[in-house]
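First up is the structure itself, then whatever we jot down about it.
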Amino acid sequence: MVRAAFPKGTLAVRVREVLGPVFEDEAFAAAFPRRGRPAVSPGALALVSVLQYAEGLSDRQAADQVRARMDWKFLLGLHLDDPGFDFTVLGDFRSRLLAHGLEEQLLDTVLERLSQAGLLRAGGRQRTDSTHVLASVRSLNRMEFVGETLRAALEALAAAVPDWLAPLIDASWAERYGAKIDSYRFPKGENVRQEWAEQVGRDGFTILEAVGHSTGLPWLREVPAVKTLRHAWEQQYHRDGQEVCWREGKDLPPGRKRLASPYDPDARYGVKRGSGWTGFKTHLTETCEPDALHVITNVETTSANVDDAEMTQVIHQHLGKRQLLPDEHIVDAGYVTAAHILTARDDHNITLLGPVGADTHHTKRGDGDQSPDLTQAAFHVDWDAKQVTCPVGAVSVTWSDQRKPSGTPITRVHFTREDCDPCPLRSRCTKATNGKYGRSLTLLPRDQQEVLAQQRAEQRTEEWKARYDIRAGVEGTISQAARRTRLRRTPYHGQPKTHLANLLSAAAINLIRLDAWTTGLQPGGTHTSHLARLALAA
């Protein structure tokens with residue numbers, strides 16, 4: 001009946017023909033109790049969850065499709081008269097996956113089926129890039145944040161223990177926190193706003209102290225909104241005796257630890273290429289051989305303010321667990337350091353292909369002086385003798401092994417001012433005017449410094465640029481995921497749930513691409529506007 005109704009097939013039909021039923025119940029058995037009434041097939045729920053993201057459906061719509069569509073029943077192996085299940089089962093299934101750490105099984109199983117079908121293998125080339133994911137919360141400035149955090153705690157306590165809360169507040173509290181906190185309602189004037197923020201701080205400490213002294217209701221300390229209030233007040237205020245002070249500048253915690261919303265404690269504020277957002281960041285890795293199916297092989301989800309460089313090694317480790325390590329990994333500059341190149345080569349036998357920072361050095365020049373600066377490449381380093389020789393033959397006088405605050409080992413090298421001041425190349429080399437030293441250099445460990453110099457030389461060649469051109473294709477993958485599965489806006493609160501959503505997005509994109517591959521549909525090219533085409537033609 002399905003073949004008669006869909007003579008050209010559908011995505012669901014072709015997935016069944018190529019991969020079979022995809023998910024098996026046994027893979028998710030740990031998330032379900034052994035006793036009690038039979039559950040809806042976990043394998044079917046996993047497949048419906050992926051199809052839901054492939055077609056951009058809500059839980060209710062996905063459950064309706066299971067009941068109504070023959071091709072979905074064909075893929076799921078159901079009878080035509082099967083009544084399906086209630087839509088709430090899908091949310092319960094996602095919760096079970098997270099509670100038992102089985103969320104990675106969704107993408108792992110799809111990749112395993114593609115490998116069995118001969119469409120995916122280790123080796124070759126893969127590429128990675130990241131994109132922002134907006135949290136499902138409102139963006140708040142600091143004053144809005146503290147006001148909304150206290151309001152959320154008051155709402156939770158008013159619903160749970162109204163008789164306990166009533167003696168602590170008066171009518172002014174309802175005036176301050178009864179409605180959504182918004183900056184346009186704030187009083188005008190910097191001093192008045194400062195007083196408002198301090199008043200909020202005092203009110204928050206009143207609630208926290210009352211909760212701490214409430215011996216008859218110890219569970220109040222574990223209310224999520226109260227825990228968030230306590231955490232936020234530690235970050236935003238400090239107390240000088242009985243005075244409540246608003247933290248400023250360096251007195252605030254670093255951005256990585258600072259809460260951005262009372263409703264999603266995992267969301268953070270991040271900036272990339274000048275654009276800021278509150279939420280998370282997702283890293284997608286995909287295969288990119290020209291004549292093969294392009295498959296997303298790994299997904300990482302982090303806070304918005306985690307640097308891409310911190311994820312390079314994590315990505316390689318997870319690809320290794322899946323036995324899908326590439327021979328060559330193409331990434332942008334954010335993922336590449338000299339240490340990463342060496343670790344990828346030595347630990348995983350991967351060529352990490354990406355641009356490293358240029359060898360730059362800036363000095364103050366006179367007007368009209370266009371001569372190039374002397375970079376590190378102009379100096380000869382004798383690692384065995386622990387000396388550096390400058391272009392005119394002067395030898396360094398100090399060699400000091402140190403560490404950055406991050407723990408990275410470095411070597412600081414100095415030349416004397418007696419050598420630098422009379423040097424004819426001084427204007428191109430250093431602008432040091434005080435102290436006993438002239439030009440200084442900062443060197444990485446020998447193996448990193450040498451691979452850095454080699455990489456800088458290679459990336460200027462046309463051959464390297466031609467190899468690197470393939471990285472741009474990952475932007476199309478991010479665009480496809482954003483358009484088809486709404487990757488850039490999470491529907492959930494919390495990083496674990498957001499990561500699960502990103503995994504479902506990746507699995508859905510893989511099935512969409514499998515469908516296009518089996519039907520011979522070629523990937524579309526880069527979109528060019530009509531105006532840009534006209535300009536190119538001219």
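In what follows, every heavy atom counts, from backbone to side chain, and hydrogens, waters and symmetry copies are set aside. In this text, all values refer to a predicted model and were calculated from it rather than measured experimentally.
For the residue pair R202 and Q199, a side-chain donor N or O sits within less than 3.5 Å of a side-chain acceptor on the partner. A side-chain donor-acceptor contact under 3.5 Å links E300 and H318. At a cut-off of 3.5 Å, with distance as the only test, a side-chain donor of T131 or R488 sits close to an acceptor on the other residue. T416 and D419 share a side-chain donor-acceptor pair at under 3.5 Å. For Q313 and T343, the side-chain atoms include no donor-acceptor pair closer than 3.5 Å. Looking at N191 and E195, their side chains never bring a donor and an acceptor atom within 3.5 Å of each other.
R96 places a side-chain N or O within 3.5 Å of a backbone atom of A31 that can act as its donor or acceptor partner. R127 places no side-chain N or O within 3.5 Å of a backbone atom of E286 that could act as its donor or acceptor partner. Not a single donor-acceptor pair under 3.5 Å links the side chain of H316 to the backbone N or O of A344. At distances below 3.5 Å, not a single donor-acceptor pair connects side-chain atoms of H283 with backbone N or O atoms of D308. No side-chain donor-acceptor contact under 3.5 Å links T389 to the backbone of F379. Side chain of R221 to backbone of G212: a donor-acceptor contact under 3.5 angstrom is found. Of the possible donor and acceptor atoms, none in the side chain of Q459 sits under 3.5 Å from a partner among the backbone N and O of A358. The backbone N or O of T301 sits less than 3.5 Å from a side-chain atom of Q495, completing a donor-acceptor pair. Checked by atom type and distance alone, the side chain of K281 never pairs as donor or acceptor with a backbone atom of G270 at under 3.5 Å. When atom types are taken as modelled, the side chain of R268 and the backbone of N305 share no donor-acceptor pair closer than 3.5 angstrom.
Ring orientation note: the planes of W196 and F186 are tilted relative to one another, at an angle of 30° to 60°. Under the 30°/60° scheme for interplanar angles, the aromatic rings of Y177 and W173 are found to stand perpendicular.
Around CG of D346, the count of heavy atoms belonging to other residues, nucleotides or ligands within 6.0 Å exceeds 12. Environment of CZ in R193: crowded, with over 12 heavy atoms of neighbouring residues, nucleotides or ligands closer than 6.0 Å. Applying the 6.0 Å contact sphere to CD of E175 captures no more than 12 heavy atoms from other residues, nucleotides or ligands. For E190, the CD atom is loosely surrounded, since the number of other residues' heavy atoms within 6.0 Å does not exceed 12.
Summarising the geometry, atom CG belonging to D203 is positioned 12.0 Å from atom CD belonging to E198; distances are rounded to the nearest 0.5 Å. In this structure, CD in Q448 is found 13.5 Å from CD in Q455, a value given to the nearest 0.5 Å. To the nearest 0.5 Å, the span separating SG on C420 from NZ on K431 amounts to 14.5 Å. Y237 contributes atom OH, which lies 8.5 Å from atom CZ of F205 (distance to the nearest 0.5 angstrom). For the atom pair K321 NZ and L319 CG, the distance stands at 11.5 Å (nearest 0.5 Å). Rounding to the nearest 0.5 Å gives a distance of 10.0 Å between CD1 of I181 and CZ of R176.
Here the options are R142, R247, R258, the test is side-chain hydrogen bond (donor to acceptor under 3.5 Å, both in side chains), and the partner is Q236; only R142 passes.
Annotation for T490 and S136: closest pair O-CB, 3.4 Å, computed over non-hydrogen atoms. Closest approach of P355 and V331 over heavy atoms only: CD-O, 3.8 Å. Across all their heavy atoms, A267 and T278 have their closest contact at CB-CG2, 4.2 Å. Taking each heavy atom of A501 and P491 in turn, the nearest pair found is CB-CD, 4.5 Å. When all heavy atoms are compared, the tightest approach of L111 to T297 is CD1-O, 3.5 Å. Among all heavy-atom pairs drawn from I296 and A506, the shortest one is CG2-CB, 3.7 Å.
For the pair T128 and M311, the minimum side-chain heavy-atom distance is 4.5 Å or more. Using a 4.5 Å heavy-atom threshold, the side chains of E104 and R322 count as touching. The closest side-chain heavy-atom distance from S130 to Y335 is below 4.5 Å. Put simply, the side chain of Y468 reaches to within 4.5 Å of the side chain of D332, judged on heavy atoms. At a threshold of 4.5 Å between non-hydrogen side-chain atoms, the residues D129 and I478 count as touching. For the pair W246 and V200, the minimum side-chain heavy-atom distance is 4.5 Å or more. Taking 4.5 Å as the limit, some side-chain heavy atom of V356 sits within range of a side-chain heavy atom of R456. Side-chain contact between Q126 and I315 is absent, with no heavy-atom pair separated by less than 4.5 Å.
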- Message: Does D264 form a side chain to side chain contact (heavy atoms under 4.5 Å, CB included) with F280? I'd like the steps, not just the answer.
- Response: CA-CA 11 Å; D264 190 345; F280 309 94; 3.5 Å; yes
- Task: Take W219 and V161, measure what side chain to side chain contact (heavy atoms under 4.5 Å, CB included) needs, and give me the verdict at the end.
- Result: CA-CA 11 Å; W219 56 268; V161 283; 3.6 Å; yes
- Task: Dump the intermediate steps for side chain to side chain contact (heavy atoms under 4.5 Å, CB included) on L97 and L106, then the final yes or no.
- Result: CA-CA 9 Å; L97 291 180; L106 296 166; 3.9 Å; yes
- Task: Given side chain to side chain contact (heavy atoms under 4.5 Å, CB included), test H348 with H329 step by step and report yes or no.
- Result: CA-CA 11 Å; H348 304 289; H329 190 190; over 6 Å; no
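Using a cutoff of 4.0 Å between basic side-chain nitrogens and carboxylate oxygens, R256 and E310 are scored as salt-bridged. In summary, K257 and E234 do not engage in a salt bridge, as defined by a charged side-chain N under 4.0 Å from a carboxylate O. Under a 4.0 Å N-O distance rule, the pair D447/R345 does not qualify as a salt bridge. Salt-bridge formation is detected for the pair R151/E148: a Lys NZ or Arg NE/NH1/NH2 atom is positioned less than 4.0 Å from an Asp or Glu carboxylate oxygen.
Pairs passing the ring-ring contact (aromatic ring centres under 6.0 Å, His included) check and including a residue from residues 132-172, sequence neighbours excluded, read H132-W277.
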Show the atom names and distances, to 0.1 Å, of all donor-acceptor pairs under 3.5 Å that link a side chain in residues 222-232 to residues at least two apart or in another chain.
unit_1	atom_1	unit_2	atom_2	d
T228	OG1	P224	O	3.0
H231	NE2	Q235	NE2	3.1

